[in-house]
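Step one of this worksheet: look at the structure below.
Since this is a predicted model, take the numbers as computed values, not measurements. Below, each value reflects all heavy atoms present in this structure, side chains not excepted, and no hydrogens, waters or symmetry copies.
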Amino acid sequence: MSSDFEGYEQDFAVLTAEITNKIARVPRLPPDEKKQMVANVEKQLEEAKELLEQMDLEVREIPPQSRGMYSNRMRSYKQEMGKLETDFKRSRIAYSDEVRNELLGDDGNSSENQRAHLLDNTERLERSSRRLEAGYQIAVETEQIGQEMLENLSHDREKIQRARERLRETDANLGKSSRVLTGMLRRNCSFLLAIEKKEGEECGKGGMPTVVHMSPTWQHPP
């Protein structure tokens with residue numbers, strides 16, 4: 001899975017390097033060559049987008065625990081792709097203004113104003129894209145924090161469950177000890193009752209009761 005991603009990654013790096021070189025050459029080319037170069041760059045930009053889509057599909061197939069590194073690389077490649085498209089738009093604007101001036105034969109003042117307006121709009125779009133990217137990054141960080149909180153809550157739940165198990169064991173041991181002590185008390189009470197009964201019988205016969213001094217016999221609980 002990662003080998004396929006790395007293959008697409010290498011192809012994307014080579015292709016974007018070629019696109020960058022061609023975009024830089026567009027303003028310096030003669031009109032006929034410029035037209036052909038613009039068409040070539042458009043085709044390569046489409047190929048780069050298809051590579052990004054393939055890479056994105058590969059990242060989705062990677063297990064979640066290993067996906068973070070590839071997702072960060074994908075964000076970087078998408079940003080690079082956006083910059084290439086912006087540079088290409090600027091290059092096309094300059095190319096279009098030049099062709100229009102040649103066809104109309106004017107002094108180019110109107111075209112310069114239009115170009116400045118278009119560049120201003122492009123910069124606004126770039127700022128909006130950066131804000132969206134920042135919002136996406138905040139969302140990712142928030143998701144990570146939420147995941148960490150869920151993991152901490154899960155650990156706390158396990159601790160509480162273990163504490164409850166220990167409490168139940170303690171209650172069971174106390175119940176067992178209580179039953180042992182109750183049995184011991186019953187045996188001693190029966191012994192004392194037997195002594196009292198014997199003394200009563202001797203008194204009925206006119207004899208002196210035999211005084212027996214005995215201390216309760218306590219047995220250690222098993």
Requested in this report: Go through Tyr77 and Met81 one step at a time and tell me if the side-chain contact (heavy atoms from CB on, under 4.5 Å) criterion holds.
Outcome: CA-CA 6 Å; Tyr77 295 144; Met81 186 69 192; over 6 Å; no
Query raised in the report: Is there a donor-acceptor pair under 3.5 Å between the side chain of Thr16 and the backbone N or O of Ala13?
Result: yes
Query raised in the report: Is a side-chain N or O of Asn173 found less than 3.5 angstrom from the main chain of Glu169, in a donor-acceptor match?
Result: yes
Query raised in the report: Does a donor on one side chain sit under 3.5 Å from an acceptor on the other, for Tyr70 and Glu58?
Result: no
[atom1]-[atom2] distance between [X] and [Y], expressed to the nearest 0.5 angstrom:
{"X": "Glu18", "Y": "Asn40", "atom1": "CD", "atom2": "CG", "result": "8.5 Å"}
{"X": "Leu51", "Y": "Asp56", "atom1": "CG", "atom2": "CG", "result": "12.5 Å"}
{"X": "Met69", "Y": "Ser71", "atom1": "CE", "atom2": "OG", "result": "9.5 Å"}
{"X": "Glu9", "Y": "Asp4", "atom1": "CD", "atom2": "CG", "result": "12.0 Å"}
{"X": "Tyr8", "Y": "Met55", "atom1": "OH", "atom2": "CE", "result": "10.0 Å"}
{"X": "Lys49", "Y": "Lys78", "atom1": "NZ", "atom2": "NZ", "result": "13.0 Å"}

Query - Neighbour count >12 (heavy atoms, 6.0 Å) for atom CZ, Arg168 - result: yes
Nearest non-hydrogen partners of [X] and [Y], listed with the distance:
{"X": "Leu29", "Y": "Lys34", "value": "O-CE, 2.6 Å"}
{"X": "Leu15", "Y": "Ala48", "value": "CD2-N, 3.4 Å"}
{"X": "Phe5", "Y": "Met74", "value": "CE1-SD, 3.9 Å"}
{"X": "Arg67", "Y": "Ile62", "value": "NH2-O, 2.9 Å"}
{"X": "Leu45", "Y": "Glu85", "value": "CD2-CG, 4.5 Å"}

Report task. Answer yes or no: is there a side-chain heavy-atom contact under 4.5 Å between Met184 and Arg187? Result -> yes
**Report entry** Validation row: Arg157, Gln161 side chains within 4.5 angstrom (heavy atoms)
**Finding:** yes
**Report entry** Contacts of Glu42 that satisfy side-chain contact (heavy atoms from CB on, under 4.5 Å) - sequence neighbours left out
**Finding:** Val38, Phe88, Arg92
